[in-house]
Amino acid sequence: MIDTHCHINDEQLLANADQIIKDAISNGVQKLICIGWDLESSRTAVNLAHQYDCVFAAVGFHPENLENVSDNALTEIEKLARDNKVVAIGEIGLDYHWFKEESEHANQKIWFIKQIELANKLGLPVSIHARDASQDTYDLLSQHPINNGFVLHCYSGSPEMMERFAKLGAYFGFDGPVTFKNSITPKECVKACREDRIVVETDCPYMAPTPYRGKTNEPKYIPVILEKIAEIKEISLDKAIEMTDRNAHELFKF
Ligand SMILES: [Zn+2]
């Protein structure tokens, strides 16, 4: 099993990274992609990837964390991204949930595009954060294609948009919300998702799956999410594991 999107570089988890990674492995999670959200967290992700064979890294500036972004900072991201344990640029994208101003959206787009160009230059896939910004993300990706694949992590759009994104080459990452009792759209999206485009993630320390909701999330909960995906898609757990593993390897080439 592969956790394609986790933040063990988050201060809530970092001090216990050793135990968290051991627990992940003993629960069958063999690979983890530790995702950066700014320069510092990207550096930490790469350091963790050097310390642990099973950890890989993604580097980039999250749309909520653009206060220190600059062309110089992006040059540093590029240096990190050339490391052979970096498997993606991310997480990058658009967040209109926390940012409502047109000027903020415009700024997010500028850095999203610059980081897509970086991913294309380095031949890397992209891990995308798109929150309440499905249409703009779609439009931007149509105009600035990603050459080496991308995942819409914690996919929260509609099943209809999913079909359109899939035509651009998207993979879809599912996590805790598919297990939440009252969540409907994530379950519909899992149901509708093509079997060759689905991957699994925790996005820890956030959004722990039921029955751990409200607690600190960890990669060891990946099997809980996969069980739910298997149930929704009416397939065996083995099949769910096999298909999400294969897709993650296709996308991230590790
Ligand atoms: Zn994340």
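We count ligands from 1, going down the list as the structure has it; atoms in each ligand are counted the same way. Quick caveat, the model's predicted, so the values are computed rather than measured.
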Over all atoms of both residues, closest heavy-atom pair of [X] and [Y]:
X	Y	result
C154	M207	SG-CE, 3.5 Å
L141	F165	CD1-CE2, 4.1 Å
T179	P209	OG1-CA, 3.3 Å

### Query
Residues sharing Y212's hydrophobic cluster, by side-chain heavy-atom contacts under 4.5 Å among ILVMFWY, directly or via others?
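Other cluster members: Y221, V224.
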
### Query
Looking only at atom types and distance, does a side-chain atom of R197 sit under 3.5 Å from a main-chain N or O of A166, one as donor and one as acceptor?
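Looks like yes, one N/O pair under 3.5 Å.
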
### Query
Is the cationic atom of R131 (NZ for Lys, CZ for Arg) positioned less than 6.0 Å from the six-membered ring centroid of Y96 and within 45 degrees of its normal?
no

#### Entry: the Zn ion (ligand 1): protein N, O or S atoms [distance under 2.8 Å]
H5 NE2, H7 NE2, E91 OE2, D203 OD1

